[in-house]
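Below is one structure, written out as structure tokens; the observations come after it.
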Amino acid sequence: MTERMTGAQALVRALEHVGVDTVFGIPGGAILPAYDPLYDSTKVRHVLVRHEQGAGHAAEGYAQATGRVGVCMATSGPGATNLVTPIADAFMDSVPIVAITGQVASSMIGTDAFQESDISGITMPITKHNFLVTDADDIPRTIMEAFHIASTGRPGPVLVDISKDALQAQTEFRWPPTMQLPGYRPVTRPHSKQIREAAKLIAEAKRPVLYVGGGVHKARASTELLELAELADIPVVTTLMARGTFPDGHPQHLGMPGMHGSVSAVGALQKSDLIIGLGVRFDDRVTGDLSTFAPRAKIVHADIDPAEISKNRHADVPIVGDCREVITDLIAAIRASGQKGDYSDWWKLLNGLKETYPLGYDTAEDGSLAPQYVMERLSAIVGPDAYYVSGVGQHQMWAAQFIEYEKPGTFINSGGLGTMGFAVPAAMGAKMGCPDATVWAIDGDGCFQMTNQELATCAIEGVPIKIAVINNGNLGMVRQWQTLFYDERYSNTDLQTTRRIPDFVKLAEAYGCVGLRCERPEDVDAVIEKAMEINDVPVVIDFVVHQDAMVWPMIAGGASNDTIQIAVDMAPKWENEE
Ligand SMILES: Cc1ncc(C[n+]2csc(CCOP(=O)(O)OP(=O)(O)O)c2C)c(N)n1
Ligand SMILES: [Mg+2]
């Protein structure tokens with residue numbers, strides 16, 4: 001059965017058929033034909049955002065919280081280019097989103113027409129795939145393919161750019177269309193020989209570590225991970241993208257590795273003789289100087305994307321496959337072999353590191369608020385069922401370090417691209433995807449000023465997120481580098497937010513939200529509790545914190561992980577290790 005309709009109607013109908021319930025976007029000339037039938041859709045809710053960047057991050061937050069494809073929409077030219085940052089962000093963090101943009105009429109493409117930009121060309125290197133559609137007949141199939149590509153294999157962003165004449169033309173709508181993706185077949189089943197090889201190395205190892213990344217949660221494999229870790233008694237480190245994938249409170253968890261990782265997690269990788277990397281990409285923020293990273297470790301590297309394997313570090317046992325299948329097979333192989341490694345000396349060393357070098361922080365002598373304390377109290381009061389969505393900077397690292405994540409996917413942040421402005425719109429998207437969940441954005445005073453206009457969207461659309469602005473008056477993370485590496489020459493990092501420009505409480509109120517302020521440690525619990533009681537409108541808390549608080553431990557950019565410091569000029573002692 002076919003039905004005659006416009007390309008725009010076919011677009012909306014296709015979105016309904018692939019199960020889209022929420023689209024974040026802003027209309028404009030080229031995409032206008034699509035907004036007309038969208039107005040009538042009872043299945044697809046369109047959320048009018050205030051900036052297209054917000055639409056893209058909201059789609060990402062929605063996708064991360066629900067595990068489904070997030071959708072954003074924009075017009076041609078500036079609407080589309082405003083989506084470039086979130087598309088790049090989704091690409092770096094493997095977030096499944098579909099971005100739909102209007103394009104000028106096909107006869108005008110290439111003429112520098114009004115609001116023409118070659119968005120498929122611009123986003124070619126930052127999309128998993130992209131399409132330029134100029135024929136209405138192609139719209140349903142393209143939408144189906146876009147959602148399939150975004151959500152299968154290694155997830156990622158897909159752009160569908162549709163010319164205005166294709167949206168306006170008549171077409172015969174038929175569903176389901178036949179996908180034409182002959183070259184696209186992600187391998188999900190790992191090779192059994194590689195699995196046996198990995199199990200053998202695990203049994204032979206003396207110092208194994210499970211290095212767990214974002215791919216494990218994306219494969220929905222945290223239950224299997226727990227089983228594997230406990231069965232084999234192997235320590236676990238969780239990257240920034242994997243916080244919560246393995247419970248923080250579990251005795252086998254050593255913390256986050258990398259530039260601001262715990263001494264136990266960094267030390268475990270450095271001293272390891274076998275790293276089992278699962279859904280990770282040996283990112284430079286984890287490895288530091290590659291040539292000195294984990295020098296004695298053999299590497300088992302499992303990832304769904306073959307391009308990741310041996311990209312940065314040679315894999316002795318490469319495994320291409322879906323992490324859930326890989327872990328399930330590893331469990332079976334370890335059980336079948338009946339062999340078990342003896343890691344008691346290893347555990348002694350690691351537990352020693354964990355005990356000697358727990359995460360900690362100094363409180364300021366003047367009694368001002370420590371940002372880390374805010375995180376600890378948020379964690380204690382709000383608990384592990386909430387989603388925590390952070391911006392980028394010091395507050396992001398404190399949120400990664402001092403909030404205890406017990407559940408997979410509960411920490412949502414911009415890892416690969418490090419996009420300031422991610423938190424508010426991503427929190428909005430997460431809350432719209434999971435309306436019953438409590439969603440906290442943890443934002444910096446700098447980041448917040450990049451995308452806080454989405455507070456208007458939240459207030460109007462009834463999305464009661466909570467935002468903790470960690471207001472240190474500065475572009476704090478950059479200031480920290482200036483303190484450490486530029487002789488305390490604070491070039492252009494003072495935001496002067498201490499002068500209350502802007503006043504975040506008034507700003508919140510101007511946007512129809514509740515604004516609260518907290519400046520003293522003794523008031524932290526009460527203000528968080530108050531925010532937790534408000535569930536009808538968004539709440540912004542301006543936490544005015546000490547400007548000199550620093551993120552520790554730290555490994556300087558590009559330096560060896562062996563040079564990790566726990567405070568200025570303080571290195572851990574790697575005693576009794578060999
Ligand atoms: C869009 C963008 N511009 C610049 C940067 C570089 N940068 C990284 S962290 C940071 C400071 C963030 O300041 P704030 O939001 O106040 O967070 P804080 O570090 O103070 O917690 C900057 C400027 C970035 N990551 N993203
Ligand atoms: Mg700041």
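Note: hydrogens, waters and symmetry copies are ignored here, and every other heavy atom, side chains too, is used. On a predicted model such as this, the values are computed, not experimentally measured, just so you know. Counting starts at 1 for both ligands and their atoms, in listed order.
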statement: For Met477, the atoms of ligand 1 under 4.0 Å from one of its heavy atoms are 9 (S), 19 (O)
- request: Please calculate the O(Asn474)-the Mg ion (ligand 2)-OD1(Asp445) angle and round it to 10 degrees.
  value: 110°
query: Glu376 versus Gln372: any side-chain heavy-atom pair under 4.5 Å?
result: no
message: Measuring only between side-chain heavy atoms, which start at C-beta, is Thr497 closer than 4.5 Å to Pro502?
response: yes
- prompt: So, is Gly418 polar-close to ligand 1, with some N/O to N/O distance under 3.5 Å?
  reply: yes
- prompt: Quick check: does Val478 get an N/O under 3.5 Å from an N/O on ligand 1?
  reply: no
side-chain contact (heavy atoms from CB on, under 4.5 Å), paired with Val540, selected from Val514, Val505, Ile467, Leu516: Ile467
message: Whether the side chain of Glu454 engages the backbone of Arg50 through a donor-acceptor N/O pair (distance < 3.5 Å, no angle test) should be reported.
response: yes
task: Look only at the side chain of Asp445 and the backbone of Asn474, and say whether a donor-acceptor pair between them is shorter than 3.5 Å.
output: yes
message: Need the ligand 1 atom indices (1-based, order shown) with element for anything under 4.0 Å from a heavy-atom of Gln394.
response: 18 (P), 19 (O), 21 (O)
query: Considering only heavy atoms of Cys447, which atoms of ligand 1 have at least one such atom less than 4.0 Å away?
result: 14 (P), 15 (O)
- request: Number the atoms of ligand 1 from 1 as they appear, then name those within less than 4.0 Å of a heavy atom of Gly446, with their elements.
  value: 14 (P), 15 (O), 16 (O)
- request: Run through Thr101, Asp118, Asn130 and flag the one making a side chain to side chain donor-acceptor pair (under 3.5 Å) with Thr123.
  value: Asn130
- request: Report yes if Leu495 has an N/O atom closer than 3.5 Å to an N/O atom of ligand 1; otherwise report no.
  value: no
task: Please verify whether a non-hydrogen atom of Asn472 lies at under 4.0 Å from ligand 1.
output: yes
task: Look at atom 12 (C) of ligand 1 and say which protein heavy atom is nearest, naming residue and atom and giving the distance to 0.1 Å.
output: Val392 O, 3.5 Å
query: What atoms of ligand 1 come within less than 4.0 Å of a heavy atom belonging to His395?
result: 15 (O), 17 (O), 18 (P), 21 (O)
- line: Nearest non-hydrogen contact to atom 7 (N) of ligand 1 from the set Met397, Gln547, Gln53, Met420 belongs to Met420
- prompt: Hey, does Gly393 come in under 3.5 Å of ligand 1, counting only N/O atoms on both sides?
  reply: no
Polar side chain donor-acceptor pair, Asp161 to Gln103, under 3.5 angstrom: yes
- prompt: Are any of the N or O atoms of Gly476 closer than 3.5 Å to those of ligand 1?
  reply: yes
query: Does the salt bridge (Lys or Arg N to Asp or Glu O under 4.0 Å) test come out yes or no for Lys506 and Glu509, once each step is laid out?
result: CA-CA 5 Å; Lys506 286 188 189 158; Glu509 285 164 1; over 6 Å; no
query: Below 4.5 Å, heavy atoms only, C-beta onward: do Pro78 and Gln115 meet side chain to side chain?
result: yes
task: Answer with yes or no whether the side chains of Gln482 and Ser491 bring together a donor and an acceptor at under 3.5 Å.
output: no
message: Counting backbone and side-chain atoms alike, is an N, O or S atom of Asn472 positioned under 2.8 Å from the Mg ion (ligand 2)?
response: yes
- line: One finds that the ligand 1 atoms under 4.0 Å from a non-hydrogen atom of Gly444 are 14 (P), 15 (O), 16 (O), 17 (O)
query: So which of Arg479, Gln394, His546, His395 actually passes side chain to side chain donor-acceptor pair (under 3.5 Å) with Asn472?
result: Gln394
Ligand 1 to Asn474 polar contact by distance, N or O atoms, under 3.5 Å: yes
